[in-house]
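Hydrogens, waters and symmetry mates play no part in the numbers below; they use all other heavy atoms, side chains included. Each chain gets a letter, A, B and so on, in the order the sequences are listed, and its residues count up from 1.
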Amino acid sequence: MLETLLTYLKFPFVQNALVVGILIALCSSLLGVTLVLKRFSYIGDGLSHVAFGAMTIAAVLKMTNDMLLILPITILSAIILLRTGQNTKIKGDAAIAMISVGALAFGYLIMNIFSTSSNLAGDVCSTLFGSTSILTLTDEEVWICIGLSIVVVLVFLLFYHRIFAVTFDESFAKATGMRVEAYRLLLATIIAVIIVLAMNLVGSLLISALVIFPALSAMRMFGNFKAVTVCSAVLSVNCALLGILISILAGTPVGSTIVAVDVVAFVLSCIIGKIMGGIKK
Amino acid sequence: MSLITVRNLAVGYEGQVVEENINFTVNKGDYLCILGENGSGKTTLMKTLLHLQKPLNGEILLQDGLTSNEIGYLPQQTVVQKDFPASVWEIVLSGCLGRREWHPFYGKEEKKLATENMERMGITRLARRSYRELSGGQQQRVLLARALCATQKVLVLDEPVTGLDPNATMEMYELIQKLNQEGVAILMISHDVEVAVQYASHVLHLGTPSFFGSKEAYLESELGKLFVLHEKKGGSVEMEKGDRHA
């Protein structure tokens, strides 16, 4: 088994998949904690559907680099969604549901009308579940992913304390002179970037899992923000690594394998959390 | 020396006036209690003072070197905070962020300030504990310590004893009084008129008719007499309702 693995690891496309997979897992877990705590768990789902819609438009327009269209549209939607979280007529969860379902429908519609491929269902399936795209990454895509990941991690580290303050108590942060709107904009942009990146790995449907599971698992076991953030990053990276390796060996779809590993990790975390809590008491 | 002067202020949201013609001043060392029925604009006034929303009319003057981000704030707890994974230390320290401008990390000064204020609130031994495991009274102390990191001059408290048991309520009031005696001006929204009478130096009563003046003058006024009497009759029932709601 080890030999098969080593043979596979020599292929450049497997190496690419591992690099991209780990980076995306790292980025998505960093903000997962904030999103879950802010009751925005579903934003990943909603935005990934927007990205899916944008992707179909890019495909119809036969754009060579579809990132140029997907990224701006997703960022814009993220900004709108996070704004509606406040006092507006349409509440956060309803706004996410609206944008998500709408974008999904339009995406499928566009694919249906303009598609040149004979295997439409297969196309849709691979965009939604990302079954093969991580194994067909070009060098250029890998570099874009590495670049954006570095930016995301740097921004997160530099603004870590402020992200914590805004997540914990927006009113207090604002009252003591923080530019809360600017941070909301920053968060929205990072989230959009992560989601567009993650689409390559697990496809648009399973992105939510990548954002939510590591954060929830970490919150079961730890009671302070730093530990939760670190633990969620470590968990996420390891689950992604394990998931990719399993999928290579067993020939299962990459995205769903990673998510399955994440679910198992969550169950284990629940048990560990229970035991640790029991010892404390 | 007055710190805050409010003149002809009208507050509300989305263009809807909730309360207008609000006039009062807060001096150094004052303990102002803001009373009023539900919906009389107490919380809206507080949010306006903290620049969380814009005044519809009138003006808020900050004097004596007080800047707008030097008003400490003890908000009512939100649902998000109830199960928030953060240590006491992390939360208290986050009160220092307003002082840091663009600097991404905390310095020695901030850590010292946080340590001092935790000592002041008697929560030093809780520093590494998780916020969500604390009792209601302890959580309020943590949030008070955070507010003190942001300011030494004015504290704004929004119903600080909601959901606390009688013992914790007493401790909270005594803690606030101690801070006031140390020179921190207090603005407190309260349902509890008896407490206002016991601890406050001034009373602002919102509604029609409204009242602003010293506690003694309030107790002499028709409005004060009526409200105190009314609260004594129905107060206990209302308190219970409030607790359950929280």
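The environment of CD in B:Glu109 is sparse: at most 12 heavy-atom neighbours from other residues, nucleotides or ligands sit within 6.0 Å. Taking a 6.0 Å sphere around NZ of A:Lys38, one finds it holds more than 12 heavy atoms contributed by other residues, nucleotides or ligands.
Of all non-hydrogen atoms in A:Lys226 and B:Glu90, the two that sit nearest each other are N-OE2, 2.9 Å. Taking all atoms of both residues into account, the shortest heavy-atom contact from B:Phe84 to A:Phe225 is CE2-CD1, 3.9 Å. The two residues B:Leu97 and A:Ala165 make their nearest non-hydrogen contact at CD1-CB, 3.4 Å. Across every non-hydrogen atom of A:Met219 and B:Arg132, the tightest pair is O-NH2, 3.0 Å. Nearest heavy-atom pair across B:Ser130 and A:Gly223 is OG-O, 2.8 Å. Taking every heavy atom of both residues into account, A:Ala175 and B:Tyr73 meet most closely at CB-CD2, 4.0 Å.
Both the backbone and the side chain of B:Arg146 come within contact range of chain A, each with at least one heavy atom under 4.5 Å from a heavy atom of that chain. With a 4.5 angstrom heavy-atom cutoff, B:Ile91 touches chain A via backbone and side-chain atoms both. Looking at A:Phe172, the atoms closer than 4.5 Å to chain B (heavy atoms on both sides) sit in the backbone and in the side chain alike.
Side chains of B:Pro85 and A:Leu37 form a contact here, defined as non-hydrogen atoms less than 4.5 Å apart.
Considering OG of A:Ser171 and CD of B:Gln76, their distance stands at 10.5 Å, rounded to 0.5 Å.
The candidate with the highest count of non-hydrogen atom pairs below 4.5 Å against chain B, out of A:Tyr160, A:Phe164, A:Phe159, is A:Phe164. Annotation: maximal heavy-atom pairing with chain A below 4.5 Å, among B:Trp89, B:Tyr106, B:Tyr131, occurs at B:Tyr106.
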